[in-house]
Each structure stands twice: as C-alpha cells, then as structure tokens.
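Each residue takes its place number in the sequence, starting with 1.
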Amino acid sequence: MEVLTFRVKRRSFAKVFVPLLPEMTLLTSYIHITDPTLIFFVVLLIILFAPIIMSKLRIPHIIGMVLAGVLVGQHGLNILERDESFELFGRVGLFYIMFLAGLEMDMESVKKNSRQFVIFGLLTCLVPLSLTYVMSMAVLGYSGKASFLLGCIMASNTLIAYPIVGRYGLQRNSSVMLSVGSSMISLFLALVMLAGLAATFSEDSGWLFWGLFVVKLAAFIAGSVLLIPRLTRYFLRRYSDSVMQYIFVMSVMFLSAALSAAIGLEGIFGAFFSGLILNRYIPKVSPLMNRIEFIGNAIFIPYFLIGVGMLIDLSTLAEGPRMWWIVLLIAFFGTFGKAVAAYLSSLLFRLSKADGHMMFGLTSAHAAGAIAMVMVGMRLEVEPGVMLVDNQMLNGVIIMILVTCIVSTLMTQKAAIQISIGSVVRRDGASEARGSDGSADGEKILVCVKYPEIAPQLVYLATLMHDHKQNGELVALNVVYDDQNSTQARQEGLQLLEKLQRQAAASEVRMQTQVRLASNIANGIKHAFRETGCSEVVMGMHVHTNVTQKFWGEFIQSLYNGLNRQIILTRFEQPMSTLRLIQVAVPSRAEFEPGFHRWLERLCRFAEQLDCRIRFHGRDESLELIRHFIEHEHPSVRGEYKYMAHWNELPQLASGIEKDHLFVVVTARKGTISYKNALDRLPDELTKYFSGTNLMIVFPDQYGDQKEDTMSFTEAQHHEENSVYDLLLSWIHHRKN
C-alpha cells in the first residue's frame with residue numbers, strides 16, 4: 001500500500017512539474033545573461049553571498065556554491081549559460097584543489113607512514129569498486145563493462161571539501177594527509193583501470209599499449225623529479241619579485257597537468273604531483289603561499305564548485321521511480337564503500353572516531369573526475385549506435401555528485417570541529433604539564449633592520465620562527481643615529497618599515513614598527529627591547545666592509561654583553577626556501593643553559609617550515625636531549641645527530657657545508673656554563689673557514705639581570721650558583737624520568 005501511494009505521488013508530481021517547465025523556461029529567458037561582464041558579476045555575487053547565507057543556516061558554504069550553480073544553471077532557472085569561462089576556470093579550480101593538497105602535505109609524515117597511505121588508498125579504491133560492480137550487475141542489470149566503469153567512478157573521489165580543512169588549519173593532521181594521499185592512490189588506480197577499459201574497445205589493447213603507458217608514466221615522474229627542483233632553485237635564487245614567483249609556480253602546475261593528461265592520466269594527477277615536488281620550496285607561512293591560497297579560494301575554486309552545480313539536472317528525477325532507484329543505489333553503495341574503507345582504516349591505524357569521520361568526509365565526494373569518466377564511457381560503442389553509458393546512468397551519476405558533495409562537506413565540517421576542539425584541549429593540557437621551559441612562554445621577536453637589501457630576509461626568518469598558533473606578533477625596529485642627518489635617515493627608516501609591514505601582512509603576521517633616535521645603537525636596541533616586552537632579537541650581520549673591519553660589527557658585541565636574552569645573528573647568501581640542510585654546532589654543556597629549549601624550538605620551527613633536514617654536531621649528552629625534544633615536540637622534523645668530541649673540531653665541519661646549507665653556531669657569553677676559551681677564536685675561524693656560507697650565530701638566554709644593571713659580585717655569584725644548582729636538579733630529574 002505504501003509503495004502504491006509513493007507511485008501515485010511521484011506520478012502526480014511529474015504531471016504537475018513537467019508541464020510547467022516550458023513556462024518556467026519562457027519566464028527565465030527574459031533574464032538569461034550572455035554578456036561576459038554580467039556573467040562574471042553574477043558569479044562574484046554568488047561567491048560573496050553564498051557563505052553569508054550558508055553560515056546563517058549553519059551549512060558549509062561549499063554546499064551553497066554547488067546549490068547556487070544548480071539554481072542559476074541551464075537545468076535550473078537558466079540565468080547563466082555554462083560557457084567556456086566555466087570550463088576554463090572550473091578546470092583551473094580543480095587543479096588548484098589538487099595542487100594545494102600536494103603543497104600542504106607533510107612529506108616527512110608521508111615517508112614515515114607510507115604503509116598506512118598504501119593500505120587506505122587500496123581500501124578506498126577497491127571496496128567501493130567491488131560493491132558498486134556487484135550491485136550494478138546484480139540489481140541494475142548493467143553489462144560487465146558498464147558495471148566496471150561505474151565501479152571506477154565510485155572508486156575515485158574529488159577533494160571537494162578540502163577548503164574546509166584549510167579554514168580550520170588542519171592541513172597537516174594525520175587523518176587529512178591520509179585522506180589526501182589515499183585519494184591520489186585511488187584516483188591513479190581508477191584512471192589506469194579506465195584506460196585499460198577504453199583500450200579494450202580499440203585494437204591497441206595488448207602488451208604494446210601497457211608497455212608504452214608504463215614508459216610514459218616513468219618518464220613523466222622521473223623528468224618532474226629531476227627538472228622541477230632544479231628549475232625552482234634557479235628561479236627563486238635569481239628573482240624575488242612576488243608576481244614572477246607566483247607566475248612561475250602556476251606555470252609549473254599547468255605544465256605538469258598538461259603532461260599528465262598527455263600520457264593518458266587526468267590533469268589533476270599532474271597538478272597534485274607538482275604540488276608534492278614544490279612542497280619544500282614554498283613554506284606554509286610565506287607570502288607566496290598566502291597568495292596562492294588567496295587567489296584559489298577567492299576565484300578559481302568557487303568557480304569550479306558553481307560549474308559542478310550547473311551540470312546537475314534535478315528534473316531527471318521526474319522521469320520515474322527507475323531514475324530514483326538508480327540514483328539511490330549508486331549514491332548509497334559508493335558512499336557506503338568509502339565509509340567502510342575509512343572507518344576500517346581508522347580502526348587499523350588506531351585513530352580516533354573524529355579522524356574516521358574526517359577520512360570518510362574527504363574521500364566520499366565525487367565531482368569533475370566522475371563526470372570526466374562517465375563522458376569517456378559515452379564515447380565507447382558496445383555495438384554500432386549503442387554506447388556503453390546510457391542517459392539514465394549519466395543522469396544518475398550527475399545526481400549522485402550532488403548527494404555525495406553534500407554528505408562530504410557536512411561530514412568534513414563536523415570532523416574538523418571535533419578535531420580542532422580535541423587539539424585545543426590536548427595543547428592546553430600539554431602546556432600546563434610542560435610549564436615554563438623556555439619554549440612555550442610568551443614570545444615577541446624584535447627584528448632589528450637597517451639595510452634594505454637584508455631587511456626582508458630578517459622579517460622572513462622571524463616569520464618562519466615565530467609560533468603561529470599563539471598568534472604572536474613581531475616588532476620591527478630601525479635605530480637612527482641622533483646627528484645632523486637624523487631627519488633624512490628617519491624618513492628612510494619609515495619607508496623601509498612600511499615595506500616590511502606589507503611583507504608581514506602578506507604572511508598574515510601582525511607586526512609593530514618603530515623608528516628610534518639614539519646616540520648609541522646598542523642602547524637604543526636594548527631600551528626598545530624592554531619597552532616592547534620582547535623575548536629575543538633577530539638581526540643581520542654587517543655586510544658593508546667600509547663600516548668596520550671587526551667581525552661583530554660596531555655595536556653587536558656591546559649588545560650581547562649588555563642583554564641576557566636570546567640574540568640571533570644571520571647572514572644568508574641565497575633564499576631560505578632553497579636550503580636543503582641545516583648544520584648546527586652545539587657546545588658541550590649547552591643543555592644546562594636556561595635558553596637551551598628556546599633556540600632549539602626556533603631552529604625546529606625553521607626546519608619544519610622549510611621541510612629540510614637539520615643535523616646537530618655535539619657531545620652525546622647534548623644530542624640525547626635534543627633528540628628527545630624533537631621526537632616529542634616536533635616529530636615531523638628530520639633530525640640527524642653526529643658526535644663532535646671537542647669544539648676545536650669546528651673548522652673540520654667546513655668541508656661538509658655546501659652552498660645550499662645553513663651553518664648555525666650556538667655560542668655563549670663569558671662566565672656562563674657552556675662558555676669555553678675556544679669561543680674566543682670563533683670570529684677568526686668563521687672568517688677563515690666559513691666565508692661565503694649561509695651563517696647563523698645564536699647567543700642563548702642567560703640567567704641574571706642585564707650587565708649594566710647594578711648587582712654586587714657576591715649577589716651575582718650567589719644567583720648564578722643557585723641557578724646552576726636548580727637547573728642541574730631539574731636535568732637529573734628529567735633523565736630519571
């Protein structure tokens with residue numbers, strides 16, 4: 001009785017709705033827009049108002065983009081026609097999604113968890129393929145080849161909900177990276193199987209076809225891995241213009257997409273692969289990365305989502321119960337297969353329930369890839385005049401896209417909220433447990449700038465080192481001599497700071513600026529340091545030989561003698577994004593210094609952002625604590641540890657330092673625990689053996705008040721002995737634990 005009632009309602013719906021279609025088409029023909037300017041204007045209105053409306057309804061705005069495409073498209077109100085602009089920008093948007101996914105992958109985690117990537121990739125490909133294949137043959141009555149094509153469509157997926165992950169800052173979450181990596185594996189397998197299916201309809205389906213395909217794929221991968229990094233390093237070293245760098249990155253992405261399409265794979269595979277290769281050359285907090293994300297999220301990705309919605313024809317549901325049945329079965333079995341693969345993998349990998357939701361949400365959507373595959377099937381003839389894909393399968397796949405996009409975005413949004421809340425709780429608990437160790441306290445980096453040619457490097461270095469989770473800020477300081485030229489020098493300083501502030505804003509980092517008049521540069525820096533409440537200083541080593549012949553410059557020695565907080569001196573001969581290795585010389589007993597964790601934390605963040613290796617040279621006692629810190633606080637950092645018996649071996653390290661390495665020397669002030677007489681020779685050794693290398697010198701935090709403050713010798717000695725004693729007790733307790 002219920003089935004009969006349902007059929008009557010469906011027939012009455014069709015009788016009422018279908019006759020109204022001509023009238024609706026006639027009505028909307030008066031507002032049909034063909035002018036390119038107005039088309040772009042309407043698209044911008046959708047991009048502007050869809051998030052506003054969807055946020056009030058508490059629905060992910062991605063669904064709003066797709067539904068808006070359904071509404072204004074030729075199958076809806078027919079306001080806009082899906083012209084070549086939607087085809088072009090939509091393809092760019094799809095490439096953008098895959099490129100960003102590769103660009104934001106944590107490659108070290110991928111290497112460590114490669115087995116999990118392969119397992120989840122095989123499961124999320126084979127489970128929905130098998131279920132859909134059996135359902136298509138047993139229930140829908142499709143042929144074996146048509147069922148296999150439908151299985152390939154459901155085996156692949158599109159990361160349509162990936163922008164949601166970016167808004168919550170979860171790009172490097174383990175479940176997100178597993179989802180992205182497995183999506184590429186499943187897409188690759190589905191495309192290969194689709195190519196094999198298409199080959200069966202031609203005469204070139206033998207070993208020659210597969211042998212040629214393997215050769216072309218190997219040549220594409222080998223050529224990309226060998227050429228793109230070299231071209232990128234060459235370009236970034238010679239050109240610093242932001243527009244040129246962005247155009248270069250986009251050119252690499254589109255070239256890779258075109259080449260992957262030429263060898264028989266979809267362009268999205270090439271876009272993702274180019275993102276993986278460029279991963280280490282574009283740090284997450286760099287201005288270039290900010291521009292890439294901004295342009296993609298503002299224009300191209302919304303264009304793609306709206307274009308997907310314009311392909312969906314909801315009127316096909318009025319064809320009868322058969323159409324509803326096809327859509328229901330395709331959407332259910334494909335989504336159910338993705339769910340089984342996601343939750344089974346989360347159990348195997350011992351991940352949380354929220355991680356399972358995230359894996360299911362990201363891998364359950366189907367969009368342009370499904371449309372491309374079904375279009376391939378429409379070109380394959382089973383027999384003269386009979387295509388492999390009929391209209392019902394085509395309409396069923398298109399309606400399925402809408403259903404899976406809604407399910408994917410809702411589930412991803414839910415999982416992102418749960419994971420974000422859980423990470424905040426764990427982080428707060430860890431901060432309380434860790435206490436004040438010099439790495440988790442409040443930080444505000446003072447960047448001392450003077451020369452325009454090195455000032456952007458210093459701001460970039462501070463941006464890479466500062467904690468973005470705490471939303472801290474930088475302070476850019478320009479100290480001007482108080483003499484007859486101070487007015488002009490102050491104006492030049494203001495212009496320089498304005499430029500640096502724009503650079504920090506491009507990386508979404510807050511920065512204060514200050515021009516200070518002083519008769520003594522070192523005193524000006526120290527006074528500004530206290531007034532702004534900074535935690536450390538970053539400054540460049542002098543590069544003008546006519547200023548002074550001393551290694552430290554004219555005021556640096558006075559600064560580190562009068563300031564007991566961390567000071568970092570730098571000299572970069574090439575862009576930081578092209579560095580491949582950081583080598584750190586650690587003096588013996590450096591672990592007893594109060595600033596040990598601070599400089600170690602900064603170097604780990606720096607290596608993490610650049611995705612390069614970091615090698616520590618020192619005594620076993622120091623290296624053991626460094627290894628322990630990295631494994632627990634920064635597990636994605638690729639740390640290496642080499643024994644250095646004595647500080648006299650420092651010149652021997654010069655032979656192993658290349659042009660794309662950074663040499664870091666952790667030194668100490670006189671009278672501190674790790675100070676040794678050999679450090680007096682440091683300026684001469686650096687000048688003789690490390691000339692022309694990328695160099696960083698770190699003066700760690702020390703106990704006590706500033707040197708110019710009054711303190712009796714007895715009080716200072718007593719203070720230092722108590723500090724050392726307390727630190728020794730804490731270190732012994734740490735070793736026991």
Side-chain angles (χ1 to χ4, degrees), residues 121-158 182-183 185-202 205-206 209-210 213 264-266 311-313 316-317 319-342 344 363-405 407:
L122 293 175
L123 287 176
T124 196
C125 175
L126 299 179
V127 173
L129 186 148
S130 304
L131 292 176
T132 306
Y133 179 79
V134 173
M135 177 275 298
S136 301
M137 294 192 65
V139 181
L140 296 180
Y142 288 154
S143 64
K145 291 184 177 180
S147 300
F148 186 73
L149 173 64
L150 195 57
C152 290
I153 292 173
M154 303 311 296
S156 66
N157 62 274
T158 304
S182 66
S183 296
I185 294 175
S186 62
L187 175 64
F188 175 76
L189 294 176
L191 292 175
V192 171
M193 290 185 289
L194 179 65
L197 176 63
T200 60
F201 287 85
S202 64
S205 59
F209 169 81
W210 289 108
F213 175 79
L265 296 174
E266 285 293 321
L311 292 171
I312 299 172
D313 186 5
T316 57
L317 295 175
E319 295 179 4
R322 169 72 176 174
M323 192 69 248
W324 284 77
W325 184 238
I326 292 175
V327 172
L328 177 64
L329 289 177
I330 293 176
F332 174 77
F333 278 91
T335 306
F336 179 71
K338 293 290 185 181
V340 170
L344 179 60
T363 59
S364 59
H366 302 272
I371 296 174
M373 290 184 183
V374 77
M375 292 299 180
V376 171
M378 294 187 67
R379 296 194 297 265
L380 302 176
E381 284 187 341
V382 179
E383 55 186 60
V386 180
M387 299 300 172
L388 182 64
V389 174
D390 57 13
N391 287 332
Q392 284 190 332
M393 181 188 291
L394 173 64
N395 293 330
V397 169
I398 292 177
I399 300 297
M400 175 271 301
I401 289 174
L402 177 62
V403 175
T404 57
C405 286
V407 172

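- For T335 (side chain) and F332 (main-chain N/O), no donor-acceptor pair under 3.5 Å exists by modelled atom type.
- In this structure, OG1 in T363 is found 13.0 Å from CG in L187, a value given to the nearest 0.5 Å.
- Taking OG1 of T124 as the reference point, atom CG of L129 lies at 11.0 Å (rounded to 0.5 Å).
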Report task. Quick one: do R322 and L140 satisfy side-chain contact (heavy atoms from CB on, under 4.5 Å)? Show the steps, please. Result -> CA-CA 10 Å; R322 169 72 176 174; L140 296 180; 4.3 Å; yes
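- By the 4.5 Å heavy-atom criterion applied to side chains, M400 and V403 are not counted as neighbours.
- A heavy-atom distance below 4.5 Å is found between the side chains of I326 and Y142.
- Note that CG of L150 is 11.5 Å distant from CZ of F333, once rounded to the nearest 0.5 Å.
- In the displayed structure, F213 atom CZ is contacted under 6.0 Å by more than 12 heavy atoms of other residues, nucleotides or ligands.
- Side-chain atoms of C125 and M193, non-hydrogen and from C-beta on, do get closer than 4.5 Å to each other.
- M154 places none of its side-chain heavy atoms less than 4.5 Å from the side chain of V127.
- Judged by distance alone, with hydrogens and angles left aside, the side-chain atoms of S186 form a donor-acceptor pair with the main-chain N or O of S183 at under 3.5 Å.
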**Report entry** L149 and K145: CA distance, side-chain angles, deciding distance, side-chain contact (heavy atoms from CB on, under 4.5 Å) verdict
**Finding:** CA-CA 6 Å; L149 173 64; K145 291 184 177 180; over 6 Å; no
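- At a threshold of 4.5 Å between non-hydrogen side-chain atoms, the residues T404 and K338 do not count as touching.
- Interatomic distance, SG of C405 versus NE2 of H366, reported as 9.0 Å (0.5 Å rounding).
- Between L189 and L122, the closest side-chain pair of non-hydrogen atoms falls below 4.5 Å.
- Once rounded to the nearest 0.5 Å, the distance linking CD1 of I330 with OG1 of T132 reads 8.5 Å.
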